Amino acid sequence: MTSGFVTLLYKEVLRFWKVSFQTVGAPVLTALLYLMIFSHVLESHVQVNGVPYGAFLIPGLVIMSALQNAFANSSSSLIQSKVTGSVVFVLLPPISYVEFFLAYVVAAMLRGVMVGVGVLAVTIWFAPLTFVAPHWILLFIALGGAIMGTLGMIAGIWADKFDQLAGFQNFLIMPLTMLSGVFYSIHSLPEFWQVVSRFNPVFYMIDGFRFGFFGASDVAPEFSLAVVTASFVLASAATLALLRSGYKLRS
């Protein structure tokens, strides 16, 4: 990779790190509030695959927070650059569209992982957790962050103003992450909604991630990995095609 990629990556990481109280600290607090409310209400009433509800909930909150913030990082960066006109300073240097893509996605992954680690650090004291397969944990949070960072780029490229981006996030990303098994096992749902859930790629990210903690999941982690990998390839191909064409960036 050239120095252009390194410089752009540094700029994107510095952008969210300079306001880390908002970009990292606030999501950690939100996840902690979710845990305190849901675990207090349901802890004595619900067990999932023999796992206490509080312990079941923590991994879901960790990766949900990581995914949402990975999306927010790349999407907000692009829309801000477009609205203020500063995107020209990124497009003028001799940085290839592949390097452009990688810099934004890697920065989104880093923010997602930082938020996830922060959520885990403040919630792990509330319930006993095991780490049966740490490699699955790392794999799914990295791939999940990459997918959401890629979708964030698509949203940031497509949107012309902040309310369009908010619509993308509120009507697509939020339902995909909230209705993906973070707070429940899909086996607790009626048959119709179990089928619907299996068409949600975020479900496989969360289910595979949770498998790394407990060694139990709603579907085989290998199948989840295949779905998540295919989703990343498709989203990446679409994003690279948009960047190569200069859609809404160079026009």
Side-chain angles (χ1 to χ4, degrees), residues 1 4-6 8-17 23-24 27 59-79 90 95-120 133-158 165 168-169 172-174 176-178 180-182 200-212 221-244:
M1 291 298 166
F5 162 77
V6 176
L8 185 55
L9 175 61
Y10 176 73
K11 172 253 183 189
E12 284 301 302
V13 172
L14 192 63
R15 188 188 68 86
F16 77 77
W17 186 248
T23 56
V24 179
L61 291 175
V62 168
I63 192 165
M64 181 187 75
S65 302
L67 296 177
Q68 290 178 345
N69 282 274
F71 173 86
N73 198 72
S74 55
S75 61
S76 63
S77 180
L78 279 171
I79 193 65
V90 179
I95 302 174
S96 71
Y97 65 89
V98 175
E99 292 174 316
F100 187 97
F101 168 79
L102 289 175
Y104 275 85
V105 170
V106 172
M109 290 170 61
L110 289 174
R111 176 174 166 185
V113 169
M114 287 182 187
V115 171
V117 170
V119 172
L120 184 61
H135 60 286
W136 286 112
I137 295 173
L138 296 174
L139 189 58
F140 277 102
I141 197 170
L143 270 174
I147 291 172
M148 285 299 173
T150 303
L151 290 178
M153 291 190 72
I154 293 175
I157 292 170
W158 167 80
L165 180 61
F168 193 102
Q169 184 162 9
L172 180 63
I173 301 302
M174 190 66 72
L176 285 176
T177 52
M178 295 292 288
S180 55
V182 171
N200 180 0
V202 182
F203 158 70
Y204 296 97
M205 301 176 204
I206 293 174
D207 196 56
F209 182 78
R210 189 176 272 130
F211 175 85
E222 294 82 5
F223 183 75
S224 293
L225 179 60
V227 172
V228 172
T229 302
S231 299
F232 175 64
V233 170
L234 291 174
S236 298
T239 307
L240 289 169
L242 292 174
L243 292 174
R244 184 169 56 247

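In this text, all values refer to a predicted model and were calculated from it rather than measured experimentally. Values below: all heavy atoms of this structure, side chains included; hydrogens, waters and symmetry mates excluded.
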Original post:
Between Tyr97 and Phe101, does a ring-ring contact (aromatic ring centres under 6.0 Å, His included) hold up when you go through it step by step?
Top reply: CA-CA 6 Å; Tyr97 65 89; Phe101 168 79; 9.1 Å; no

**OP:** Begin from the C-alpha positions of Met153 and Val105 and carry the test side chain to side chain contact (heavy atoms under 4.5 Å, CB included) through to its verdict.
**Re:** CA-CA 8 Å; Met153 291 190 72; Val105 170; 4.0 Å; yes

Original post:
When you look at Tyr204 and Phe223, which way does the ring-ring contact (aromatic ring centres under 6.0 Å, His included) test go after all the steps?
Top reply: CA-CA 8 Å; Tyr204 296 97; Phe223 183 75; 5.7 Å; yes

**OP:** Could you walk me through whether Leu78 and Leu165 pass side chain to side chain contact (heavy atoms under 4.5 Å, CB included), step by step?
**Re:** CA-CA 10 Å; Leu78 279 171; Leu165 180 61; over 6 Å; no

Original post:
Hey, mind stepping through Asn69 and Asn73 against side chain to side chain contact (heavy atoms under 4.5 Å, CB included) and telling me if it holds?
Top reply: CA-CA 6 Å; Asn69 282 274; Asn73 198 72; over 6 Å; no

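Across all non-hydrogen atoms, the minimal contact from Met148 to Thr177 is CE-CG2, 4.1 Å. Of all heavy-atom pairs between Ser231 and Pro201, the closest is OG-CB, 3.6 Å. Nearest heavy-atom pair across Phe5 and Ala103 is CE1-N, 3.5 Å. Heavy-atom minimum distance, Ser180 versus Asn200: CB-ND2, 3.5 Å. Nearest heavy atom pair, residue Pro27 against residue Val115, reads CB-CG1, 3.8 Å. Closest heavy-atom contact between Gly4 and Ile95: O-CD1, 3.8 Å.
Taking CD1 of Ile206 as the start and CE of Met64 as the end, the distance is 8.0 Å to the nearest 0.5 Å. Note that CD1 of Ile157 and CD1 of Ile79 are 10.5 Å apart. Values are rounded to the nearest 0.5 Å. The CG atom of Leu151 lies 8.5 Å from the CG atom of Leu176; values are rounded to the nearest 0.5 Å. Atom CD1 in Ile137 sits 10.5 Å away from atom CZ in Phe211 (nearest 0.5 Å). Note that the CD1 atom of Ile63 and the CD1 atom of Ile141 stand 6.0 Å from one another [nearest 0.5 Å]. With values rounded to the nearest 0.5 angstrom, Gln68 atom CD is found 7.5 Å from Gln169 atom CD.
Looking at heavy atoms from C-beta onward, Leu225 lies in side-chain contact with Leu143 at the 4.5 angstrom threshold. A 4.5 Å side-chain heavy-atom check between Trp136 and Glu222 finds at least one atom pair inside the cut-off.
Under a 3.5 Å cut-off, the side chain of Asp207 and the backbone N or O of Phe203 do not form any donor-acceptor pair. Under the 3.5 Å distance criterion, the side-chain polar atoms of Arg111 are left unmatched by any main-chain donor or acceptor of Trp17. A donor-acceptor pair under 3.5 Å is formed between the side chain of Thr23 and the backbone N or O of Phe16.
Taking Ser76 as the reference, Arg15 meet the side-chain hydrogen bond (donor to acceptor under 3.5 Å, both in side chains) condition, with sequence neighbours excluded.
Between the side chains of Ser77 and Glu12, at least one donor-acceptor pair of N or O atoms lies under 3.5 Å.
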